[in-house]
Amino acid sequence: MATPFLAGLAVATAALAGKYSIQAWQAFKARPVVPRMRKFYEGGFQPTMTRREASLILGISREAVTPEKVKEAHRRVMVANHPDAGGSDYLASKINEAKDVLLGKTKSSGSAF
């Protein structure tokens, strides 16, 4: 007599669980879409690098640019993108160009670019 009761209880439990899971799924699908924050700069490189673009590449603020911060940021970004470690030659050249722009070096001062 206890076996049919337990079987009925199991079926009722499964039905309730199914009902609530369907309701939860429908509520999940109906939730508003919230745009996610992007942690990267969308867009390509400018033809001539600006100080704004250089600071975005190195990940430092334009207001607090000191030679020490520029060199530290350049080293950090270059370690992650160095061509010898599988990075891109083009990105490495842009990182170096960003450092030169922020440090005030010009192309005629011996830079390879």
Side-chain angles (χ1 to χ4, degrees):
M1 182 148 159
T3 305
F5 176 74
L6 291 178
L9 188 61
V11 169
T13 304
L16 282 174
K19 175 185 172 184
Y20 288 120
S21 62
I22 289 172
Q23 287 176 350
W25 175 252
Q26 288 174 346
F28 176 75
K29 287 192 322 185
R31 77 187 190 290
V33 178
V34 178
R36 296 179 187 208
M37 293 293 296
R38 301 216 173 194
K39 293 186 178 185
F40 58 89
Y41 172 70
E42 287 189 17
F45 294 112
Q46 301 294 324
T48 308
M49 186 169 294
T50 61
R51 291 183 64 82
R52 177 183 179 273
E53 184 179 23
S55 63
L56 284 171
I57 290 172
L58 294 180
I60 56 178
S61 68
R62 288 182 286 170
E63 291 79 27
V65 174
T66 62
E68 295 80 27
K69 284 187 179 183
V70 171
K71 289 176 184 176
E72 178 185 335
H74 173 265
R75 185 178 190 297
R76 179 177 32 84
V77 174
M78 191 55 118
V79 164
N81 295 296
H82 199 275
D84 291 343
S88 167
D89 290 329
Y90 180 70
L91 288 179
S93 69
K94 285 297 188 179
I95 294 167
N96 287 331
E97 185 179 357
K99 179 186 83 165
D100 291 342
V101 166
L102 290 177
L103 290 179
K105 296 181 180 178
T106 61
K107 291 187 178 190
S108 61
S109 69
S111 177
F113 309 106

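Quick caveat, the model's predicted, so the values are computed rather than measured.
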Should [X] and [Y] count as side-chain neighbours, where that means a heavy-atom distance under 4.5 Å?
X	Y	result
Asn96	Met78	yes
Met49	Lys94	yes
Gln23	Lys19	yes
Leu102	His74	no

Smallest separation among heavy atoms of [X] and [Y], with atom names:
X	Y	result
Leu58	Ala73	O-CB, 3.6 Å
Thr13	Leu9	OG1-O, 2.8 Å
Leu103	Pro67	CD2-CA, 3.8 Å

Exercise. Is Arg75 reaching over with its side chain to a backbone N or O of Glu72, donor-acceptor style, under 3.5 angstrom?
Worked result: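 Flag not set: sc Arg75 to bb Glu72 has no pair under 3.5 Å.
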Exercise. NZ/Lys105 to CD/Glu97 distance, rounded to the nearest 0.5 angstrom?
Worked result: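 Between Lys105 NZ and Glu97 CD, I get 13.5 Å after rounding to 0.5 Å.
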Problem set entry | Atom pair NE2 (His82) and CG (Leu91), whose distance is rounded to the nearest 0.5 Å |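 His82 atom NE2 to Leu91 atom CG measures 12.5 Å (nearest 0.5 Å).
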